[in-house]
J.: 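Submitted below is the structure of interest, expressed as structure tokens.
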Amino acid sequence: MKGKKKYIVFTPFFPSDSSHIGSYIYDQVQALKRIGSYEIIIVKLVPYYSFEKDYSFKNITVKIFRVLDFPFFILPSFFNSINKFRIRRFIRENKLLDNIYILHGHVSYPSAYLINSVASNINVKTIIQHHGLDVLQLLNGRNQFTRFINRHFLFKRSIRELNKIDLNVSVSQKVRLELHKYKEYKPKDEFVLYNGVDTNKFYDTGRSMSDLEYFKIGCVANFWPIKDQMTLIKAVELLIKDGISDVKLQLIGVGQTLNECKRYVEENKLADFISFYPQRSHEKLNEFYNDLNLFVLPSYYEALGCVLLEAWATNTVIISVDDQGISELLPESEKKNLLFERKSPISLKEKIYMEYSKKRIFHFNDKYDINNLIKQFLNYSFFN
């Protein structure tokens with residue numbers, strides 16, 4: 001066999017020139033390419049009605065595969081038999097069969113279903129990577145009725161597909177434990193691969209905390225209920241009521257709870273202290289993190305937030321909710337300082353005030369540099 005081994009990644013998320021969604025997967029792919037010396041090909045899984053076409057992003061080839069499904073995540077996998085036939089034909093027509101070594105999927109559906117279909121005809125190793133705590137995507141769907149239908153329709157199908165996969169990868173131990181709550185889940189092999197951070201993109205620029213006019217707090221997250229920006233807003237409000245007027249909170253993101261948060265800020269006369277910003281490109285976030293005293297992610301359903309690792313890589317202090325994925329990475333001596341009770345503005349306010357009083361930096365642990373984590377991953381016996 002000639003040429004590099006093909007490492008084909010199946011993912012619903014991957015960045016392009018017009019969107020930064022999937023930037024972490026791009027960083028992981030680059031590390032795999034750099035350390036593993038593979039030929040990396042992305043198969044981006046999009047809805048059947050998508051107009052996306054094949055493209056190249058920073059020297060990574062991205063092939064578009066349109067998954068046939070009902071809209072709005074209704075009865076996902078209903079057309080699995082058709083999609084299985086289509087993905088095998090897709091692989092043949094795009095001349096991807098030669099020298100395939102790994103099929104690596106992100107998120108159970110549809111990735112696990114599709115790579116199992118491809119693997120049924122060839123000798124190849126398969127990986128599925130779980131990024132969220134809703135490991136079977138049972139919370140997807142527009143309302144309770146569709147989620148109820150999906151739970152009964154998707155549950156056994158997804159477990160069956162995951163049990164066929166050679167290696168189930170979780171981004172934290174917390175995610176792995178969520179999988180094991182299903183007694184039917186019987187993985188062939190498992191690995192915990194923490195979300196590493198590319199320290200060439202996220203690093204301390206050498207700023208001085210004394211240079212900051214205000215105590216600056218930042219948060220980068222979609223405005224969804226589970227991200228719980230309201231708790232952070234109310235914690236800052238409590239600080240202001242205690243007479244701390246040199247604090248500024250900057251919130252970056254879009255989503256369904258954004259207007260609610262904006263209304264609260266306006267109605268409670270907090271606009272001088274709290275600002276909202278739209279999403280910004282991944283390349284510009286390092287500057288944002290370096291301009292902060294403190295980064296807070298108030299999400300209470302978090303497998304392992306990439307933004308926490310990115311901010312930490314700049315030696316910025318990070319605060320998160322207790323018993324989330326990040327808890328596994330923090331030093332024991334710091335957990336009482338950096339973790340607060342979920343949905344508790346009072347608990348968060350106390351943690352913020354402690355950091356306000358110290359105005360310190362929080363040195364990053366190079367163990368979580370993405371290159372070091374991918375080296376460990378590729379040294380796992382699965383690859384040998």
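No hydrogens, no waters, no symmetry mates; every other heavy atom, side chains included, goes into these values.
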J.: Any chance the rings of Y182 and F155 have centres within less than 6.0 Å?
T.: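 That pair passes the under 6.0 Å test.
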J.: Between atom CG of L339 and atom CD1 of I326, what is the distance when rounded to the nearest 0.5 Å?
T.: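 Spacing of CG (L339) from CD1 (I326) equals 8.5 Å.
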J.: Do you see a donor-acceptor pair shorter than 3.5 Å between the side chains of Y380 and D189?
T.: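 Distance-only check passes for Y380 and D189.
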J.: Using only heavy-atom distances, determine whether the side chains of S381 and N384 contain a donor-acceptor pair under 3.5 Å.
T.: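 No, N384 and S381 have no side-chain donor paired with an acceptor closer than 3.5 Å.
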J.: Check which hydrophobic residues are tied to I346 through side-chain heavy-atom contacts below 4.5 Å, counting indirect links as well, and list them.
T.: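 The other cluster members (ILVMFWY side chains, heavy atoms under 4.5 Å, direct or chained) are L238.
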J.: What pair of heavy atoms forms the shortest contact from T316 to Y289, and how long is it?
T.: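 Smallest heavy-atom distance, with atoms named: OG1-O, 3.2 Å.
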J.: Please examine the side chains of Q30 and I60, heavy atoms only from C-beta on, and report whether any two atoms are closer than 4.5 Å.
T.: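 Heavy-atom side-chain distance check passes, below 4.5 Å.
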J.: Under a plain distance cut-off of 3.5 Å, with no hydrogens placed, do Y109 and N150 share a side-chain donor-acceptor pair?
T.: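 Side chains of N150 and Y109: no pair found under 3.5 Å.
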J.: Verify side chain to side chain donor-acceptor pair (under 3.5 Å) between N337 and E334, making sure each step is shown before the conclusion.
T.: CA-CA 5 Å; N337 301 320; E334 289 285 3; 3.1 Å; yes
J.: Do other residues, nucleotides or ligands put more than 12 heavy atoms under 6.0 Å from the CD atom of E190?
T.: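 Enclosed.
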J.: Is the CD atom of E184 crowded by more than 12 outside heavy atoms at less than 6.0 Å?
T.: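 Yes, CD of E184 has more than 12 neighbouring heavy atoms, counting only those of other groups under 6.0 Å.
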J.: If you count every heavy atom of other residues, nucleotides or ligands that lies below 6.0 Å from Q376 atom CD, does the total exceed 12?
T.: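 For Q376, atom CD is crowded (more than 12 foreign heavy atoms under 6.0 Å).
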J.: Tell me whether E237 is salt-bridged to K234, with the criterion being a basic N under 4.0 Å from an acidic carboxylate O.
T.: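 A salt bridge is absent here (no side-chain N lies under 4.0 Å from a carboxylate O).
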J.: Grab the two heavy atoms, one from Q279 and one from G253, that are nearest each other, plus how far apart they are.
T.: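 Residues Q279 and G253, closest heavy atoms: CG-CA, 4.3 Å.
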J.: Mind checking whether F377 and F383 have side chains closer than 4.5 Å, heavy atoms only?
T.: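 F377 vs F383: side chains touch.
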J.: Could you check whether D228 pairs with K343 (Lys NZ or Arg NE/NH1/NH2 to Asp/Glu carboxylate O, under 4.0 Å)?
T.: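 Salt bridge absent between D228 and K343.
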J.: Which pair of non-hydrogen atoms, one from K63 and one from I41, has the smallest distance, and what is that distance?
T.: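 Looking at all heavy atoms of both residues, the shortest contact is CG-CG2, 4.2 Å.
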J.: Please check if the number of heavy atoms outside Y101 that lie under 6.0 Å from its OH is greater than 12.
T.: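 Yes.
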J.: Can you tell me how far NZ of K351 sits from CG of L294, rounded to the nearest 0.5 angstrom?
T.: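 So the CG of L294 and the NZ of K351 are separated by 12.5 Å.
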J.: Just wondering, more than 12 heavy atoms not from K358 lying within 6.0 Å of its NZ?
T.: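 Enclosed: over 12 neighbouring heavy atoms sit under 6.0 Å from NZ of K358.
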J.: Which pairs count as side-chain hydrogen bond (donor to acceptor under 3.5 Å, both in side chains) when at least one residue sits in residues 244-260, sequence neighbours excluded?
T.: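 Applying side-chain hydrogen bond (donor to acceptor under 3.5 Å, both in side chains) to every pair that reaches into residues 244-260, excluding sequence neighbours, yields D246-Y356.
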J.: Using modelled atom types and a 3.5 Å cut-off, is there a donor and acceptor pairing between side-chain atoms of K336 and backbone atoms of S333?
T.: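 Yes, K336 side chain to S333 backbone: donor-acceptor pair under 3.5 Å.
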J.: Tell me whether N195 contacts the main-chain N or O of V171 through its side chain, where contact means a donor paired with an acceptor under 3.5 Å.
T.: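 Such a contact is absent between N195 side chain and V171 backbone.
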J.: Between R360 and E355, is the closest basic N to carboxylate O distance under 4.0 Å?
T.: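 Salt bridge: yes.
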J.: Any donor-acceptor pair under 3.5 Å linking the side-chain atoms of Q173 with those of R176?
T.: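 Q173 and R176 do have a side-chain donor-acceptor pair below 3.5 Å.
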J.: Can you see which heavy atom on H106 is nearest to which on I128, and at what distance?
T.: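 Minimum heavy-atom separation between H106 and I128: N-CD1, 4.1 Å.
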J.: Look at atom NZ of K188 and say whether more than 12 heavy atoms of other residues, nucleotides or ligands are closer to it than 6.0 Å.
T.: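 Yes.
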J.: Is a side-chain donor or acceptor of K186 paired with a backbone partner of N163 at a separation under 3.5 angstrom?
T.: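 No; zero donor-acceptor contacts below 3.5 Å.
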J.: Hey, are K164 and E161 close enough for a salt bridge, meaning a charged N less than 4.0 Å from a carboxylate O?
T.: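 The answer is yes: the pair qualifies as a salt bridge.
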J.: Within the distance-only criterion (no hydrogens, no angle test), does the side chain of S50 pair as donor or acceptor with the backbone N or O of P47 below 3.5 angstrom?
T.: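 Side chain of S50 to backbone of P47, a donor-acceptor pair under 3.5 Å: no, none is there.
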J.: Under the side-chain contact (heavy atoms from CB on, under 4.5 Å) rule, what do V124 and V118 come out as? Steps first, then yes or no, please.
T.: CA-CA 9 Å; V124 65; V118 175; 5.6 Å; no
J.: Counting neighbours of CZ on F70 that are heavy atoms of other residues, nucleotides or ligands and sit closer than 6.0 Å, is the number greater than 12?
T.: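 Yes, the 6.0 Å shell around CZ holds more than 12 heavy atoms from other groups.
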J.: Provide the closest heavy-atom pair for S111 versus G105 in the form atom of the first, atom of the second, distance.
T.: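 Taking S111 first and G105 second, the nearest heavy atoms are CB-CA, 3.9 Å.
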J.: Would you say CG of N59 has more than 12 non-hydrogen atoms from neighbouring residues, nucleotides or ligands within 6.0 angstrom?
T.: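 No, the 6.0 Å shell around CG holds no more than 12 heavy atoms from other groups.
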J.: Please walk me through it: do T146 and F72 pass side-chain contact (heavy atoms from CB on, under 4.5 Å)?
T.: CA-CA 9 Å; T146 57; F72 311 121; over 6 Å; no
J.: Assess whether ring pair (Phe, Tyr, Trp, His ring centres under 6.0 Å) is satisfied between Y7 and H104, documenting all intermediate values.
T.: CA-CA 7 Å; Y7 194 117; H104 183 150; 5.7 Å; yes
J.: Are a donor atom and an acceptor atom from the side chains of S108 and Y113 found within less than 3.5 Å of each other?
T.: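 Y113 and S108 do not have a side-chain donor-acceptor pair below 3.5 Å.
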J.: Using only atom types and a distance under 3.5 Å, with no angle test, would you say the side chain of K335 pairs donor to acceptor with the backbone of S327?
T.: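 Checked: pair present.
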J.: Do N222 side-chain atoms and K227 backbone N/O form a donor-acceptor pair below 3.5 Å?
T.: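 Checked: no pair found.
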J.: Would you say K4's side chain and S37's backbone share a donor-acceptor pair under 3.5 angstrom?
T.: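 Not confirmed, K4 side chain does not pair with S37 backbone.
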J.: May I ask you to decide if D369's main-chain N or O and T199's side chain share a donor-acceptor pair within less than 3.5 Å?
T.: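 No; judged by distance alone, with no hydrogens or angles, the pair does not exist.
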J.: Check for a donor-acceptor pair, side chain of Q324 on one end and backbone N or O of E302 on the other, with a separation under 3.5 Å.
T.: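 Judged by distance alone, yes, a pair lies under 3.5 Å.
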J.: Using side-chain contact (heavy atoms from CB on, under 4.5 Å), reason through I127 and F382 one step at a time and then give a plain yes or no.
T.: CA-CA 10 Å; I127 301 171; F382 170 83; 3.8 Å; yes
J.: Report yes or no: does T126 contribute a side-chain atom to a donor-acceptor pair with the main-chain N or O of L103 at less than 3.5 Å?
T.: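 Here the side-chain-to-backbone pair does not exist.
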